[in-house]
Undergrad: 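Sharing a structure, written as structure tokens. Questions coming.
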Amino acid sequence: MSLPIPYHLRGIAEETACTKDTLTLQLRCPCGCKLFRIFQNTLTAEEQAQCKPYEDAVAAMTSGTGWAHLADYMQTGDLRDFRLPEKPAFADLKHISVQCTACGAETVIFDNRYHGYDGAVCGTEIPADYEPQTEQMHAACTVRIQLGCTVSESEFLEITDGAPFTEALFSECFTQIDIAARDRDGVLHPVL
């Protein structure tokens, strides 16, 4: 079974290429416009402060002396000194949306809480009611999305414990996504 257009993108994406395991899409607003502004989530100052203890601990652990101490502790099996502070769940959010430059319609094109294999099947610890702060990353560009899926239909059914197979759920179970902005000069810039 070839990878279908993800259910959440069906009103805004059109297929440009498809193979057994990959799907390439081009965004087009229902108004007909192909130019979008791209927004990506970013952390507020307060959220950055909440992430700092975890980031500092990772930096200390991966510094030159941190690696030496880790090697010593791995030989003894005692890793108590290397426990990391809890990382806030929101720090792992990947949320990308687009806004049509002609009509202003906004669409979330990727949110790892819901889209992709982990979001659709496994779920994440990021609360559904968490509203991320976003900032504009690109203006007046076309958007190309390439999706890949390495999970077969039979594996998918096994993972979902035989729950009824739905194309809508399967369409959201891509295992790879590449989002790129194409500028006016035709140059692709990676977004995700």
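Reckoned from all heavy atoms, side chains included, excluding hydrogens, waters and symmetry mates.
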Undergrad: Provide the closest heavy-atom pair for I126 versus A89 in the form atom of the first, atom of the second, distance.
TA: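 Looking at all heavy atoms of both residues, the shortest contact is CG1-O, 3.3 Å.
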
Undergrad: Starting at CG of L147, measure out to CG of D21 and round the result to the nearest 0.5 Å.
TA: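 That separation rounds to 12.0 Å.
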
Undergrad: Does L23 belong to the same Ile/Leu/Val/Met/Phe/Trp/Tyr cluster as I96, with side-chain heavy atoms less than 4.5 Å apart forming each link?
TA: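 Yes: a chain of side-chain contacts under 4.5 Å links L23 to I96.
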
Undergrad: Using 0.5 Å steps for rounding, measure from the NZ atom of K34 to the SG atom of C100.
TA: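 The NZ atom of K34 sits 12.5 Å away from the SG atom of C100.
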
Undergrad: Do I12 and L3 share a hydrophobic cluster (ILVMFWY, side-chain heavy atoms under 4.5 Å, transitive)?
TA: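 Cluster IDs for I12 and L3 match.
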
Undergrad: Can you name the nearest heavy-atom pair linking P30 to G11, along with the distance?
TA: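 Taking P30 first and G11 second, the nearest heavy atoms are CG-O, 3.5 Å.
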
Undergrad: Taking atom CG of L43 and atom CD of E135, what is their separation to the nearest 0.5 Å?
TA: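 So the CG of L43 and the CD of E135 are separated by 10.0 Å.
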
Undergrad: Which distance, rounded to the nearest 0.5 Å, do you find between the CD of Q99 and the CD of E106?
TA: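 Output value for this atom pair is 4.5 Å.
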
Undergrad: CG/L9 to CG/L27 distance, rounded to the nearest 0.5 angstrom?
TA: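 Reported to 0.5 Å precision, the distance equals 7.0 Å.
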
Undergrad: Taking T16 for its side chain and T24 for its backbone only, find out whether a donor-acceptor pair lies under 3.5 Å.
TA: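 Between the backbone of T24 and the side chain of T16 there is a qualifying donor-acceptor contact (under 3.5 Å).
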
Undergrad: Please give me the minimum heavy-atom distance between H115 and V108, naming the atom from each residue.
TA: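 Closest pair (atom of H115, atom of V108, distance): CE1-CG1, 4.2 Å.
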
Undergrad: Are the side chains of P6 and L25 in touch, meaning some heavy atoms are under 4.5 Å apart?
TA: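 Contact flag for P6/L25 side chains = yes.
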
Undergrad: In Å, rounded to the nearest 0.5 Å, how long is the span from CE of M137 to CD1 of I38?
TA: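 Spacing of CE (M137) from CD1 (I38) equals 9.5 Å.
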
Undergrad: For K87 and D92, which heavy atoms make the closest approach, and how far apart are they?
TA: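 Residues K87 and D92, closest heavy atoms: NZ-OD1, 2.8 Å.
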
Undergrad: Name each donor-acceptor pair under 3.5 Å that joins a side chain in residues 184-192 to protein atoms two or more places apart or in another chain, with its distance.
TA:
unit_1 : atom_1 : unit_2 : atom_2 : d
H189   : NE2    : D183   : OD2    : 2.8

Undergrad: How close do L93 and N41 get, counting heavy atoms only, and between which atoms?
TA: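 Minimum heavy-atom separation between L93 and N41: O-ND2, 3.1 Å.
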
Undergrad: Is it true that I145 and F39 fall in one hydrophobic cluster, defined by side-chain heavy atoms closer than 4.5 Å?
TA: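 In one cluster: no.
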
Undergrad: Is the count of non-hydrogen atoms from other residues, nucleotides or ligands lying under 6.0 Å from E125 atom CD greater than 12?
TA: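 Count not over threshold, so no.
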
Undergrad: Tell me the closest heavy-atom pair linking A140 and T101, and the distance in Å.
TA: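 Closest heavy-atom pair between A140 and T101: CA-CG2, 4.0 Å.
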
Undergrad: Any donor-acceptor pair under 3.5 Å linking the side chain of Q146 with the backbone of T22?
TA: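 Between the backbone of T22 and the side chain of Q146 there is no qualifying donor-acceptor contact (under 3.5 Å).
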
Undergrad: Output every pair passing ring-ring contact (aromatic ring centres under 6.0 Å, His included) with a member in residues 85-114, not counting sequence neighbours, ordered by first then second residue.
TA: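 As it turns out, the ring-ring contact (aromatic ring centres under 6.0 Å, His included) pairs with a partner in residues 85-114, which skip direct neighbours, are F90-Y130.
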
Undergrad: Same cluster or not: are I5 and F174 linked, directly or through other Ile, Leu, Val, Met, Phe, Trp or Tyr residues, by side-chain heavy atoms under 4.5 angstrom apart?
TA: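 Same cluster.
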
